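Values below: every heavy atom of this structure, side chains too, minus hydrogens, waters and symmetry copies. Bear in mind that the values here come from a model prediction, so they are computed numbers and not experimental data. Chain A is the first sequence line, chain B the second, and so forth, proteins listed ahead of strands; every chain is numbered from 1.
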Amino acid sequence: MHDDATQKNTLLGADELVLNMGPQHPSTHGVLRVKLKLDGERVRGTECVIGYLHRGVEKIAEHRTYQQFAPYVDRMDYVAAVSNGLGYCEAVEKLMNVEAPPRARVIRTILTELQRIASHLLWLGTHALDIGALTPLFYCMREREEILKIFEKYCGARLTTHAFRIGGLQYEAYDTLEKDVERFCKDFERRVQEYVDLLTGNSIWIGRTRGVGVLSAADCIALGASGPILRASGVKWDLRRAQPYAAYDQYKFEIPVGTNGDTYDRYMVRMEEMRQSRLICLQAIENIPAGPILGKVGKVLKPPPGEIYHSIEAPKGILGYYIVSDGTTQPYRVRIRPPSFVNLQALDKMVRGHLVADVVAIIGTLDIVLGEVDR
Amino acid sequence: MQVPLDNDMAKRYRERFGAAILDAVEDRKQPYLVVACEQFSEIARYSRDVEKFDLLEDYTAVDWPRREKRFDLIAVLYSFPHNMRLRLKIPLGASEQVASLARIWPTANWLEREIFDMFGISFAGHPDLKRILLPEEWQGHPLRKDYDILQQDEAWVRENLGIESGQ
Amino acid sequence: MNPTVQALLQFLQTWWVELASGFVIVAAVPLVAGYVVLVERKLMADMQARLGPMRVGPHGLLQPIADAVKLLIKEDIIPDNADKVIFWLAPVVSMTAALTSMGAIAFGPAFQVARDINVGLLFIVGVSSLGLFGIVLGGWASNSHYSIIGALRSTAQLVSYETAAGLAIVSGLLLAGSLKIHAIVDAQYQNHVWFIFLAPVAFFIYAVASIAETNRAPFDLPEAESELVAGYMTEYSGFRWALYFLGEYANMIVVGAVATTLFLGGWLRPFPNVHWLNWLDVLPALFTAAVGVYCARRAGKQPVAVQTWFMWGVAWACFAVAAILAVPLFVAPLKFVVPGLHGAFWFLLKVGGYIYLFMWLRFTLPRYRFDQLMSLGWYILIPLAIVNVFCVGLAMICETEYGWNRWVALVVTTMFTLGTALFLLHLHEKRTAAASSATGVTEQPAPQDTYAG
């Protein structure tokens, strides 16, 4: 991050003011400390201090077996635990050269897309709350509640689900899974329209989000920002389309793209992504193939020595797992490439020149989860 | 699992950099090049500009304490035009420095800080190399294999958290 | 008898009505404000698909009492280097300004502390804006960097929107012809129509400006929780904070009362001049009785016995009020009570509706950023208010000097004002578009090396 070696003298010869948005703050979505360098009302630069939630997950991975480590990955992006689990299980499956059976892949896709909707709903609620709209949060929580009920029925947990196993699934889809998902999807379209009515055309919302936190496409790629941030800047790229995993190659969905790369575009992209996820779910439940849910994986997992890098399109961006195996039951190194960590780096670029009140909106639009940033 | 990599891309790299490309391997259908650290900067620039690997997707390290060159720096590159990934692996000695990638891919800034924090590898030319996840005064680099999982910087804990036992 | 005591007794004899009403206001308003807070919480919950306070008292009806008790028993924390006297004084000033301005408000034709004061409306508006001092002093006395910035911001906002509100009131006063509260309502009676229909733009401007004046959403940035610079109220806790808070809600009541008096017909029932609609007079009693019936029906469904009794109590209280409202209509000797009582009912209903609008907007709209807020006030509302005063004045002249029909004159000038509004909005859009393209950094760094990290 660019730290001015000398204090920049502003117009009146005053020094820069450093304003601290401390680790405890209603709007920083976790324990994030942002030091803002202000010139009056305008932000000249930021410095993020992270690590308050660092739990040493990568170190722990070296002392657990592959299956034992799976619940740990849920706790990183705890808002979208199912995605984390998907990335990890698929990475280890690749490492072991096994493939999950088709039925498992389709059910994984359904649950992951529901989780994407849930993650975006939480993002929408908290982002709107930061900007001052009090009501969307509760509507989003109401929808999210339905998804979490489905998760609870499926694997017993709402938040840190540990839904998938290496090689496939442990739990068979429960009896009414398809019906529940269908009912949710049918209801959801109407609900999304509620959010659109409340926010999309609202001139105050547009005033707070248009032109705020602009990030050009070149900047996005240079800074490694991925996911909805990249798509809102105009790059029509989605890892589910570019390098399909799970069962994504079987389904038709659009990739929403923005034009300006500002907060409003990111909002529109995520709203559209929720709609597309809903469509994927509807397509998937029409035809869940029969068959086994767990591939040929023994009780004791000993991948042959080597390494693998596997990444998926998590709700927040590219979630990557780099796993090195030394032939034993415990991984030699697990590296998690967290989307929020890399996206947060873009904060400095996005915030320059804006007012202090916009910083909160920009942090919200980055959709970071500190569990993932710090691991 | 590992097969030698001999496709056009590997040939181009070998042609351009010769001995600096120590090895070209394909592990489980994922290509990686083992690269000498002296020419790493040029290789990285070539990868970005000529081979069009415009995204530095990940940058990390692995500790092999019993090897002579203890660390393996791994850079995962992704090309949007070609939709392919390439890993660059740089073996690095314990006190060796490597050129920073921050000027080539700005995303490397925090990624290198994390490597420095966890492994102690320093990057020459990094704009602001300091710890990122651990407190700045922390001693020790946790992801090294000789750092026990239960170990903590007891002096720091004692001083800053007020826990007498330091743990 | 001692001349001082005699003078005192003389004073009391002359002014006992006013003193009693003043006492009622000071005693009732905090309680009422507390219940307005409860109504807001319940309404917010309803709009957010949840229930709101339910625990304390049946359906949370004792929540304000519990909150008041809690705040009273809280530890009194004063920042170290704060100016103790001013720190103590600031919330008092805020609350006092709000309560004093209520002195001139007529809650119905019979209840007004400052009876027939000839500068009625001016008094209310002027004294309520003295609440500014409470904010500035509070922010300053807190001895905190961020409090003073928040306080100054809040003050700037209040002053800007005060201007717009004042100009909107002037338009209404042009139609009324007097500052006296009774005369204003009487003018609406004589005109057979509420002034909102004669000067809708003025009402709209006043509504928006009054939301900003009371620091309500969408203009509540100075006191928003997610705002970096915490507002002037940060260092205040316990009952001091409660005074600020109650002052804010009292201000809402004041502002609602001014709008009702000037634009919504005050204490007049709908269609007061249409005699065949006189049966509307039973509406207050019917309404109250309906609320009572609802409570009675819900009483049976309460989970706990004590809540059932409470609901029955509320139901009977509603029936009692309905009776008090209905009986004088039919019992000839009591007919003199009707205007005062019913007038108070209609007045409070309208103020309640206005406050409902405030709350509704709070739950629906996001917050304006401070610069957007100020630009809205200065670039749109104030010019529009000025044009509106000019237009209404023009309409009045056309009517009196040139014999135009009042309605025609006002419709024509309102059209002109609306045209101005559209023009101002158009200018505003151009301005914000220019501003965002100036601050939004959209340079394309072609050589990525130039980003020096």
Evaluate the side-chain proximity of A:K349 to B:P106: yes if any heavy-atom separation is below 4.5 Å, no if none is. no
Using a cut-off of under 4.5 Å on heavy-atom pairs, state which of A:Q243, A:E62, A:E307, A:R375 scores highest against chain B. A:E307
Residue B:I132 versus chain A: region with a heavy atom under 4.5 Å: both
Heavy-atom distance under 4.5 Å to chain A: side chain of B:R87, backbone, both or neither? side chain
Could you go through the side-chain contact (heavy atoms from CB on, under 4.5 Å) check for A:L301 and A:T65 one step at a time? CA-CA 8 Å; A:L301 290 179; A:T65 65; over 6 Å; no
For chain A, which residues from residues 5-30 of chain B have at least one heavy atom closer than 4.5 Å to it? B:D27, B:R28, B:Q30
Residues in residues 325-338 of chain A near chain B [non-hydrogen atoms, under 4.5 Å]: A:Y332, A:R333, A:R335, A:R337
Answer with side chain, backbone, both or neither: which region of A:Y322 has an atom nearer than 4.5 Å to a non-hydrogen atom of chain B? side chain
Between A:P228 and the options A:D367, A:D238, A:V269, A:L366, the side-chain contact (heavy atoms from CB on, under 4.5 Å) test singles out A:V269
Can we say B:K130 and B:D128 salt-bridge, meaning some charged N sits less than 4.0 Å from an Asp/Glu carboxylate O? yes
Heavy-atom distances under 4.5 Å only: say whether B:D117 touches chain A with side chain, backbone, both or neither. neither
Under the side-chain contact (heavy atoms from CB on, under 4.5 Å) criterion, do A:L86 and A:Y245 qualify, and how do the steps go? CA-CA 10 Å; A:L86 179 68; A:Y245 51 94; 3.7 Å; yes
Test the A:R33-A:Y52 pair against the cation-pi criterion, namely NZ or CZ under 6.0 angstrom from the six-membered ring centroid and within 45° of the ring axis. no
Heavy-atom pair count under 4.5 Å with chain A, highest-scoring of B:L134, B:D58, B:T60: B:D58
Under 4.5 Å to a heavy atom of chain A? For B:M84 that would be backbone
My understanding is that only one of A:L223, A:T46, A:V43 makes a side-chain contact (heavy atoms from CB on, under 4.5 Å) with A:D348; could you say which? A:T46
Interchain contact, A:I308 with chain B, by part (heavy-atom threshold 4.5 Å): both
Pair A:R64, A:Y72: side-chain N/O donor-acceptor within cut-off below 3.5 Å: yes
Find out whether B:Y78 and B:N83 are in side-chain contact, i.e. whether some heavy atom of one side chain is under 4.5 Å from a heavy atom of the other. yes
Under 4.5 Å from any heavy atom of chain A - which part of B:L111: both
Nearest non-hydrogen partners of A:G224 and B:L55, listed with the distance: CA-CD1, 3.7 Å
Taking the side chain as every heavy atom from C-beta outward, state whether A:I312 and A:Y321 have any atom pair closer than 4.5 Å. no
Could you tell me whether A:E93 and A:R105 make a salt bridge, using a distance below 4.0 angstrom between a side-chain N and a carboxylate O? no
Of A:V342, A:I60, A:L95, the largest count of non-hydrogen pairs under 4.5 angstrom with chain B goes to A:L95
Under a 4.0 Å threshold between the charged nitrogen and the carboxylate oxygen, would B:R70 count as salt-bridged to B:D63? yes
Could you tell me whether the side chain of A:M350 reaches within less than 4.5 Å of the side chain of A:T365, counting heavy atoms only? yes
Heavy-atom contact with chain B under 4.5 Å, split by part of A:N97: side chain
The interface call for A:L53 against chain B, heavy-atom contacts under 4.5 Å, is neither
Looking at every non-hydrogen atom in both residues, tell me the closest pair between A:Y66 and A:P303 and how far apart they are. CE1-CD, 3.4 Å
Mind ranking A:S226, A:A242, A:A346, A:A225 by heavy-atom pairs under 4.5 Å with chain B and telling me who comes out on top? A:A242
Below 4.5 Å from any heavy atom of chain A, which atoms of B:Y32 appear? Answer side chain, backbone, both or neither. side chain
Please classify the contact between A:V49 and chain B as side chain, backbone, both or neither, with a heavy-atom cut-off of under 4.5 Å. neither
With chain A as the partner, which of B:Y59, B:W64, B:Y147 has the greatest number of non-hydrogen pairs under 4.5 Å? B:W64
Verify side-chain contact (heavy atoms from CB on, under 4.5 Å) between A:R241 and A:Y248, making sure each step is shown before the conclusion. CA-CA 7 Å; A:R241 187 58 67 71; A:Y248 286 105; over 6 Å; no
pair B:N160-B:P135: side-chain heavy atoms closer than 4.5 Å: no
Does any heavy atom of chain A fall under 4.5 Å from the side chain of B:E57, the backbone, both, or neither of them? both
Take the angle between the ring planes of A:W237 and B:F80 and call it parallel below 30°, perpendicular above 60°, tilted in between. perpendicular
